[in-house]
Amino acid sequence: MNELYELTPYLVLAISALASTVAVYLAIIEKDLIKAVLYSAIQSTFYALIFYLLMVPDIVLVYIPVSVGLLPAIIIVAIKKTERYEDVAGIPKSSSITILSLVVAFTFIAGYLLVLSHAITLDVFPSADARVLAKWFLNTTLWWNKMFSAMSPEAVTAIVWDYRGLDTYFETSVMYLAIIGALALARYFEIPKKEYREEVMGMSIIGKTATRIVVPMILVVAISIALHGHLTPGGGFQGGVTAAVTVSLLIFIFSTYFAIRFFKINTAILLRIAGLIGIALSAVITAIIAFSTGQQAYIFQNQPKVIAQIGLPYEVGGNLISGTLFLFNVFEFLAVFMGFAILFLLLSIPEEVIREVIRGEME
Amino acid sequence: MIDAKTYLFMVTYIAIFANIVISLYGIFVRPNIIKKIIALSIFGDCTLIYAILIGFRKIEPYPTIPIMTAQQPSQEYIKEFVSTAVDPLPPALVLTGVVIGLAVMLFLVFLALQVYRVFGTLDIRKIVRMRG
Amino acid sequence: MGLINFALTIMGYTLIGIGAFCQVVAGIGMNRFPNFFVRLHAATIAAIGGSFTPIIGCSLLALSFEELGAIRFFLAGGGFVAAVFLLVLAAVGSHLLAKAAYFSKATVLQPKAVDVLEEDVRIGEVHE
Amino acid sequence: MTVEYYLTFFIPFYLISIIMYVIRALKGPTIPDTVLSIDCLGYALATLLVIFSVYLRSPLIIACAIVLTLWIYALDVYMSKYLEKRELGE
């Protein structure tokens with residue numbers, strides 16, 4: 001029998017899941033879209049707590065900026081540019097009863113499947129044992145034998161950029177394509193040329209002063225998350241989305257015309273391309289070294305392998321840098337940060353400018 | 001066989017399944033495009049949580065994160081680490097999934113804005129009627 | 001256990017207890033107060049008394065937690081950074097929200113005793 | 001086990017207050033009420049994250065609390081920008 005106080009994390013897990021269900025239900029049946037966004041933000045904070053208690057801090061670090069910060073911001077901008085209320089004229093009044101009956105039915109199915117899985121495997125669902133693959137990854141992530149190891153104490157970053165590096169490369173290119181799609185939709189729009197004036201534009205003086213103090217601190221936190229990605233929870237993705245908050249704060253608190261002093265769209269695209277080229281180069285850097293010295297190598301090779309003896313140094317001056325993982329984190333930080341900077345700058349273009357452009361295209 | 005911890009864990013599992021059902025209702029029935037995007041993001045989050053739930057382990061008193069705190073670990077440390085850490089493979093898959101999901105959502109929002117500029121409404125029923 | 005560790009532990013638990021009390025008080029206030037501008041008062045208690053204090057307390061507790069080894073300083077430092085961010089940003093966020101809510105008339109002002117800001121706006125001393 | 005034992009006395013209070021904030025956020029008659037409750041909810045959750053990182057003896061997961069406080073502030077900024085009448089870029 002467990003002691004009662006050992007149940008606390010599991011209890012918090014169950015309570016936050018139930019609270020998130022209430023928030024999701026209200027977010028779906030709410031007619032006011034702004035309130036729906038806020039309810040989904042409540043759901044996101046509870047999901048962050050669930051991820052935290054499932055002991056995956058890497059996911060929490062990337063999930064909080066994305067789902068609590070960036071996604072509500074973008075949907076709020078979209079609602080401000082379009083309409084606020086949903087038209088529910090045709091939907092039957094009994095929709096909440098429909099949802100409840102659906103939920104009850106499918107929940108019974110889920111519970112039945114869970115019990116079935118217990119009965120088949122003769123084991124309870126959160127098993128005490130890990131899979132063989134997981135044990136292999138955990139065993140070799142920082143090991144005395146460099147042939148099979150990534151030489152990084154963080155297993156998640158090791159999997160993302162070493163063991164399964166090619167997957168991550170193609171997933172990064174999917175993200176690149178999505179941003180290219182957004183750029184193509186906004187191809188003729190330009191930020192109007194206006195001077196930033198302190199007293200007319202932006203929010204109150206208190207907000208501006210506090211943001212001036214806080215933005216460098218946020219950048220420092222983001223860069224430290226990115227550069228320590230091979231030692232502590234974090235990495236390029238997490239640092240990039242954390243740094244993207246600075247762009248959104250500059251745009252919302254000061255103005256677009258203040259933000260483009262630091263981030264012009266073309267500069268951001270150039271830096272983003274530099275980051276992507278850096279990722280590609282880091283993927284083949286061992287191959288380049290090997291071919292120039294007449295040896296063999298793999299793509300996405302980090303440490304020396306059996307038939308490919310070239311590898312990057314895993315520590316410099318006693319500090320662990322884990323070979324290519326460090327380079328990947330730096331370049332991924334640049335690519336993600338600048339990608340979201342581009343999207344925010346595009347979203348902040350005034351609607352009149354865009355409408356004039358579209359009217360010109362139609363005629 | 002089923003103790004209090006497993007029971008509470010099953011409550012979590014079933015509550016998140018309820019979230020999936022509700023968000024699917026939102027995607028299919030609600031007419032507004034922005035509401036559909038919100039429901040889609042909730043649905044994505046729920047599936048990600050399922051991926052993480054698979055990798056969880058029930059260890060006394062509690063499992064640890066898949067990150068070593070020692071820079072030069074000994075054999076005993078590695079053995080203990082492997083026996084207590086959660087599965088690191090689902091986080092690695094979910095990590096890229098979250099960021100790509102955000103980029104795709106952004107693209108959808110840009111599409112919705114373009115639809116509003118051209119058609120003047122976000123109601124999917126009116127847009128379908130306007131065709132032709 | 002040394003004397004300093006003992007003192008740090010006691011201080012940590014005390015601050016966490018104060019934080020728990022303030023959170024419950026703020027939660028009750030958040031539900032019982034009549035309108036948005038009065039609820040701002042509960043929000044300040046929740047931010048400073050209920051969050052800043054216990055995070056500092058956890059940092060002190062972590063400093064005295066010798067089982068963790070040298071990595072406990074990481075925990076304490078992270079806690080202090082989070083506390084500093086919270087101290088600066090909670091107040092500024094409430095200010096921005098309150099100002100926007102007042103001038104956009106997105107919230108109701110009833111019941112009210114006196115509204116000095118409205119008179120200042122009418123005279124012309126404050127403008128938005 | 002002493003740290004777990006003592007911290008368990010404090011965690012229920014935070015849970016109760018979180019549930020009260022959620023009630024106000026879901027009930028809140030106007031939008032600023034909801035945003036203010038989400039603020040308090042976020043700060044209480046950040047505190048809970050710090051407490052759990054001591055409770056679970058995993059010091060490395062403290063960075064999540066820092067990021068959470070930053071982004072709750074960002075949500076404030078977005079909503080107040082929405083409530084203001086001016087254009088987004090200005």
Side-chain angles (χ1 to χ4, degrees), chain C residues 9 12-13 16-17 19-28 30-31 35-36 39-40 42-43 46-47 50-55 58-59 61-62 65 67-68 71-79 81-83 85-86 88-90 92-94 96-101 103-104 106-108 128, chain D residues 3 6-7 9-14 16-21 23-25 27-33 35-37 39-51 53-54 57-70 72-77 79-85:
Chain C
T9 312
Y13 284 130
I16 294 172
F21 175 73
C22 287
Q23 280 292 3
V24 174
V25 167
I28 294 170
M30 195 58 99
N31 275 292
N35 68 29
F36 169 72
R39 278 180 208 131
L40 279 172
S51 295
F52 176 73
T53 321
I55 290 176
C58 276
S59 297
L61 189 61
F65 196 8
E67 286 175 47
L68 292 177
I71 203 155
R72 68 179 190 272
F73 298 114
F74 186 87
L75 177 52
V81 172
F85 271 129
L86 208 151
V88 175
L89 294 181
V92 178
S94 299
L96 291 176
L97 189 64
K99 193 180 174 199
F103 284 110
S104 68
T107 180
V108 285
E128 171 59 4
Chain D
V3 171
Y6 288 125
L7 284 181
F9 286 114
F10 298 119
I11 289 172
F13 294 103
Y14 291 95
I16 290 168
S17 67
I18 282 173
I19 289 170
M20 284 198 272
Y21 297 141
I23 290 171
R24 172 49 74 190
K27 212 169 70 176
T30 60
I31 287 172
D33 290 313
V35 182
L36 196 68
S37 332
D39 276 9
C40 298
L41 176 67
Y43 297 137
L45 274 181
T47 316
L48 207 57
L49 297 193
V50 178
I51 290 177
S53 97
V54 179
R57 300 177 182 224
S58 307
L60 286 179
I61 55 183
I62 189 80
C64 310
I66 303 173
V67 174
L68 186 58
T69 53
L70 288 180
I72 292 295
Y73 171 63
L75 193 67
D76 274 3
V77 172
M79 280 316 295
S80 45
K81 197 71 190 180
Y82 175 82
L83 292 173
E84 279 187 358
K85 289 188 183 62

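Naming: A, B, ... by sequence-line order, numbering from 1 per chain. FYI, side chains are in, hydrogens and waters are out, and symmetry mates aren't considered; it's all heavy atoms of this structure.
Highest contact tally toward chain C, considering only D:Val77, D:Leu60, D:Asp39, is held by D:Leu60 [criterion: heavy-atom pairs under 4.5 Å]. Highest contact tally toward chain C, considering only D:Ile72, D:Ile19, D:Leu36, is held by D:Leu36 [criterion: heavy-atom pairs under 4.5 Å]. Heavy-atom pairs under 4.5 Å with chain D were tallied for C:Ala46, C:Gly19, C:Ser51, C:Ala100; the largest tally goes to C:Ser51. Of all the listed residues (D:Tyr82, D:Phe13, D:Tyr21), the one sharing the greatest number of non-hydrogen pairs under 4.5 Å with chain C is D:Tyr21. If you tally non-hydrogen atom pairs under 4.5 Å between each of C:Ala42, C:Ala83, C:Ala26 and chain D, the highest count goes to C:Ala26. Ranked by heavy-atom pairs under 4.5 Å with chain D, the list C:Ala62, C:Ala101, C:Ala90, C:Gly77 is led by C:Ala90.
Distance check: D:Ser37 OG to C:Met30 CE gives 5.0 Å after rounding to the nearest 0.5 Å. Here C:Leu97 contributes atom CG and D:Leu83 contributes atom CG; the two are 7.0 Å apart, rounded to the nearest 0.5 Å. Summarising the geometry, atom SG belonging to C:Cys58 is positioned 7.5 Å from atom CD1 belonging to D:Ile62; distances are rounded to the nearest 0.5 Å. Atom CE of D:Met79 and atom CG of C:Leu96 lie 13.0 Å apart (nearest 0.5 Å). To the nearest 0.5 Å, atom CD1 of residue C:Ile28 and atom CD1 of residue D:Ile16 are 9.0 Å apart.
Of the two parts of C:Ala76, neither the backbone nor the side chain holds a non-hydrogen atom closer than 4.5 Å to a non-hydrogen atom of chain D. Heavy atoms closer than 4.5 Å to chain D are found nowhere in C:Ala98, neither backbone nor side chain. Within the 4.5 angstrom heavy-atom criterion, atoms from both the backbone and the side chain of D:Ala44 approach chain C. Residue D:Tyr73 touches chain C through its side chain alone, counting heavy-atom pairs closer than 4.5 Å. Heavy-atom distances place both the backbone and the side chain of C:Phe36 under 4.5 Å from chain D. Contacts between C:Leu61 and chain D at a heavy-atom distance below 4.5 Å involve the side chain alone, from C-beta outward.
Counting only heavy atoms from C-beta outward, the side chains of C:Tyr13 and D:Phe10 approach each other to under 4.5 Å. No side-chain heavy atom of C:Pro54 sits under 4.5 Å from any side-chain heavy atom of D:Val50. At least one side-chain heavy atom of C:Leu68 sits under 4.5 Å from a side-chain heavy atom of D:Pro59. Annotation: side chain of D:Thr69 is not in contact with side chain of C:Leu89 (no heavy-atom distance under 4.5 Å).
Applying the ring pair (Phe, Tyr, Trp, His ring centres under 6.0 Å) criterion to D:Phe9, with sequence neighbours excluded, gives D:Tyr5.
Using a distance-only test at 3.5 Å, with no hydrogens or angles considered, no donor-acceptor pair links the side chain of C:Thr107 to the main chain of D:Pro32. Judged by distance alone, with hydrogens and angles left aside, the side-chain atoms of C:Asn31 form a donor-acceptor pair with the main-chain N or O of D:Met20 at under 3.5 Å.
Of all non-hydrogen atoms in D:Thr30 and C:Val108, the two that sit nearest each other are CG2-N, 4.4 Å. Shown here for C:Ala82 and D:Ile66, the closest heavy-atom pair between the two residues is CB-CG1, 3.8 Å. Of all heavy-atom pairs between D:Tyr14 and C:Ala20, the closest is OH-N, 3.3 Å.
Counting non-hydrogen atoms of neighbouring residues, nucleotides and ligands closer than 6.0 angstrom, the CZ atom of C:Phe74 exceeds 12 such neighbours.
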